[in-house]
Amino acid sequence: MVKAESFNKRVGTKRIGLYTLRNKNGLTAQITNYGAKIVSLIVPNNKGEQADIVLGFSTLDEWMEKETYFNAIIGRYANRIKDGRFTLDGVTYQLPINNGTNSLHGGIHGWNEKIWEVVGQNAYSISLHYRCKDGEEGYPGTVDVYVTYCLTRSNALQITFEAKTDKPTIIGLTNHAYFNLAGEGSGDVRNHTLQVFADEYTPLDDTACPTGEIAKVDGTPMDFRTPQRVGDRIDDPFFASGRGIDNNFVIRGALPKGGELHPAAVVEADGRRMEVWTTMPGLQVYTGNWVEKNIGKSGREYDVQHAICLEAQNFPDSPNHGNFPNAVLRPGEVYHEVTEYRFNAQ
């Protein structure tokens, strides 16, 4: 467990804190309102042994200075937007370029770096609010976004996303949790087993943005329809050479969108099983390819491939592809999505 006093800080008039959630089955989560991040997530394995299964740091200063995407809410648009540019209702918007030639995860200072307001809390859930002003990071419209973390009786960490806008905009949210089911600081995830419920994926161009094609996984290293050991696939030249997986899957049954939870993935390791269920159409699988030599909560070093992220999301660059799921939010509409990470022992 991370000490609450290491997060007790004021920035101007805003207070940053650390909030602990528990359910009756021993599942424990710590959340901070800095970036609406999961600081720790403690889950038992099939021997009853508890471990913190998300990467992270022991102090707020480290969270602010090191890997700022760790376990954060990503917005206003998760993943990449090609050339940082999109057109909405005949107006072209230019976003900051912060990932090669593209805009990534909401820009230079996305929602992962913002101080959210705590608007509701009890023993097992917390709700946070952030108001993103018109023009912030180049996006149109003032957006009010609410995120609720809840530990359910059935041993799931449920994340609910809601947002409203005062003018047409684009939106696509995710949580960027860095999981290691053997426990943070335990080394790489090559012995994790991964299954993804996807028959299709979105191929990438040479800038890691989608080409606009939706392709079958058949006969490709993207075929995780049956459980696969991550280490047996991760070095395939199809993926980022010497780094690992960073690709979007089309979740089976999630299109056309209807607001229902669909199974997206299952990952298993060290006597723990985690199922990902979501209302979102895409799942980005990312194996911590650019995490290098950070000392984490355990005092041990994090490095490349020491985590697996399972980011339920809209498709990357969806605003620029008419055949991708809608990314536009208009006044009077409510953006509402849910992702659940369901836990049980193997």
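Excluded from the calculations below are hydrogen atoms, water molecules and symmetry mates; all remaining heavy atoms, backbone and side chain alike, are included.
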Salt bridge (charged side-chain N to carboxylate O under 4.0 Å, His left out) between Arg131 and Asp144, intermediate numbers included: CA-CA 5 Å; Arg131 173 166 287 178; Asp144 282 291; 2.9 Å; yes
Asn102 versus Thr207, side-chain donor and acceptor atoms under 3.5 Å: yes
Gln313-Thr174 side chain donor-acceptor pair, cut-off 3.5 Å: no
Pairing of Asp232 and Arg190 as salt bridge, 4.0 angstrom limit: no
Audit row: Glu5, Lys3, salt bridge (charged side-chain N to carboxylate O under 4.0 Å, His left out) steps and yes/no: CA-CA 6 Å; Glu5 53 265 32; Lys3 295 180 180 179; 5.1 Å; no
Cluster check Ile170, Val91: I/L/V/M/F/W/Y, side chain < 4.5 angstrom: yes
Leu283-Val230 co-clustered via ILVMFWY side chain contacts under 4.5 Å: yes
pair Val43-Gln50: side-chain heavy atoms closer than 4.5 Å: no
Residue among Thr28, Thr152, Asn155 satisfying side chain to side chain donor-acceptor pair (under 3.5 Å) with Asn23: Asn155
Verdict with reasoning, Leu41 to Phe179, per side chain to side chain contact (heavy atoms under 4.5 Å, CB included): CA-CA 9 Å; Leu41 182 57; Phe179 294 106; 4.1 Å; yes
Chi angles and distances behind the side chain to side chain donor-acceptor pair (under 3.5 Å) call for Tyr341, Asn175: CA-CA 11 Å; Tyr341 296 103; Asn175 179 277; 4.9 Å; no
Quiz item: cation-pi between Arg76 and Trp111, 6.0 Å / 45°: no
Min side-chain heavy-atom separation His192-Glu268 under 4.5 Å: no
Basic-acidic side-chain contact under 4.0 Å: Asp134, Lys167: yes
Between Thr220 and Asp223, a side-chain donor and acceptor under 3.5 Å: no
Donor-acceptor pair between Thr279 and Glu337 side chains, under 3.5 angstrom: yes
Pairs touching residues 241-269 that satisfy ring pair (Phe, Tyr, Trp, His ring centres under 6.0 Å), sequence neighbours left out: none
Charged tip of Arg233 within 45° of Phe224 ring normal and under 6.0 Å: yes
Arg225 side chain reached by Val196 side chain, heavy atoms, under 4.5 Å: no
Under-4.0 Å salt bridge between Lys82 and Asp317: no
Asn320 (side chain) donor-acceptor with Arg85 (main chain) under 3.5 angstrom: yes
Aromatic ring pairing Tyr178/His176, orientation class (parallel under 30°, perpendicular over 60°, tilted between): parallel
salt_bridge(Glu292, Arg243) N-O dist < 4.0 Å: yes
Side-chain donor-acceptor pair present, Ser127, Thr148, cut-off under 3.5 Å: yes
Atom pair CZ (Phe324) and CG (Leu255), whose distance is rounded to the nearest 0.5 Å: 10.5 Å
Proximity of Phe161 and Tyr146 rings by center, below 6.0 Å: no
Residues Asp89, Arg330: salt bridge by 4.0 Å N-O rule: yes
Test item: Gln158 side-chain N/O and Leu151 main-chain N/O as donor-acceptor pair under 3.5 Å: no
Heavy-atom side-chain proximity of Tyr130 to Glu117 below 4.5 angstrom: no
Side chain to side chain, Tyr335 and Lys164, heavy atoms closer than 4.5 Å: no
From Leu21 atom CG to Gln121 atom CD, the distance as rounded to the nearest 0.5 Å: 7.0 Å
Shared hydrophobic cluster, Val285 / Val217 (ILVMFWY, side-chain heavy atoms < 4.5 Å): yes
Joint cluster assignment, Tyr19 & Leu157, ILVMFWY side-chain distance < 4.5 Å: yes
Distance-only side-chain donor-acceptor flag, Gln284 / Asn247, under 3.5 Å: no
Any donor-acceptor N/O pair, Asn25 side chain to Arg153 backbone, under 3.5 Å: yes
Shared hydrophobic cluster for Val338 and Val145 (ILVMFWY, side-chain gaps under 4.5 Å): no
Asn112 side-chain N/O to Ala72 backbone N/O, donor-acceptor pair under 3.5 Å: no
Modelled atom types, side-chain donor and acceptor of Thr59 and Asp61, under 3.5 Å: no
Test item: Phe239 and Asp246 side chains (from C-beta on) under 4.5 Å apart, heavy atoms: no
Beyond-backbone contact of Ile308 with Asn180, side-chain heavy atoms, under 4.5 angstrom: no
Any donor-acceptor pair under 3.5 Å from Asn99 side chain to Ser103 backbone: no
Centroid separation Phe57 to Phe70 less than 6.0 Å: yes
Under 3.5 Å: donor-acceptor pair, side chain of Asp236, backbone of Phe238: yes
Check: Thr87 main-chain N/O paired with Thr92 side-chain donor or acceptor under 3.5 Å: no
Short N-O contact, Glu184 and Lys297, less than 4.0 angstrom: no
Salt bridge Lys293-Asp303, side-chain N to carboxylate O under 4.0 Å: yes
SB check Asp270 Arg272 (cutoff 4.0 Å): yes
Asn289 versus Gln305, side-chain donor and acceptor atoms under 3.5 Å: no
Sub-4.5 Å side-chain heavy-atom contact between Phe7 and Tyr34: no
Lys66 atom NZ: more than 12 heavy-atom contacts under 6.0 Å: yes
